[in-house]
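A short worksheet on the structure shown next.
The figures that follow rest on heavy atoms only: side chains count, while hydrogens, waters and symmetry mates do not.
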Amino acid sequence: MNFFKVGKHFTVVDMPGYGYRAPEDFVDMVETYLKERRNLKRTFLLVDSVVGIQKTDNIAIEMCEEFALPYVIVLTKIDKSSKGHLLKQVLQIQKFVNTKTQGCFPQLFPVSSVTFSGIHLLRSFIASVTGNLD
């Protein structure tokens with residue numbers, strides 16, 4: 001896990017590779033962290049918009065649901081899909097959120113780290129959730 005302090009305001013915890021080449025004890029480590037962290041404001045689940053929700057994403061979603069953690073789905077790599085494919089993924093994932101989840105924030109956040117599309121909205125949401133939006 002990587003910890004990034006955002007000034008004196010809040011800390012972002014990055015858990016890279018929870019699905020891709022994750023260490024064997026990763027699920028246990030994440031589960032313990034999520035269960036015991038009382039000041040956790042929101043969990044952001046990054047889902048690759050090219051491939052959609054995968055088995056490892058479902059494990060993370062099940063953990064958030066089981067522990068009643070508020071979470072958000074961020075669709076990454078939106079610049080890598082055709083508009084038609086991206087729309088199909090958004091509609092499928094939105095239907096999943098609406099019918100299969102209780103703790104997931106209802107709005108998806110599609111973003112691109114290449115074009116920075118959607119980043120401003122996501123940053124504003126994070127500022128709001130953490131009480132840092134003036």
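Within the 3.5 Å criterion, the main-chain N or O of Val111 finds no donor-acceptor partner in the side chain of Ser117. Counting only distance, with no hydrogens or angles, the side chain of Glu65 and the backbone of Gln102 share a donor-acceptor pair below 3.5 Å. With Ser128 contributing its side chain and Ser124 its backbone, the two residues share no donor-acceptor pair below 3.5 Å. Judged by distance alone, with hydrogens and angles left aside, the side-chain atoms of Asn58 form no donor-acceptor pair with the main-chain N or O of Lys55 at under 3.5 Å.
The other residues sharing a hydrophobic cluster with Leu87 are Leu91, where clustering joins ILVMFWY side chains under 4.5 Å apart.
By the 4.5 Å heavy-atom criterion applied to side chains, Phe105 and Val97 are not counted as neighbours. Residues Lys100 and Ile53 have side chains not in contact (no heavy-atom distance under 4.5 Å, counting atoms from C-beta outward). With a 4.5 Å cut-off on side-chain heavy atoms, Gln89 and Leu75 do not count as touching.
Arg38 approaches Lys35 most closely through the heavy-atom pair NH1-O, 3.1 Å.
When the options Val47, Leu46, Ile73 are evaluated for a side chain to side chain contact (heavy atoms under 4.5 Å, CB included) with Asp57, the one that passes is Val47.
Atom CD of Gln94 is separated from atom CG of Leu108 by 4.0 Å, given to the nearest 0.5 angstrom.
The 12-atom threshold is not exceeded at CZ of Arg123, counting heavy atoms of other residues, nucleotides or ligands nearer than 6.0 Å.
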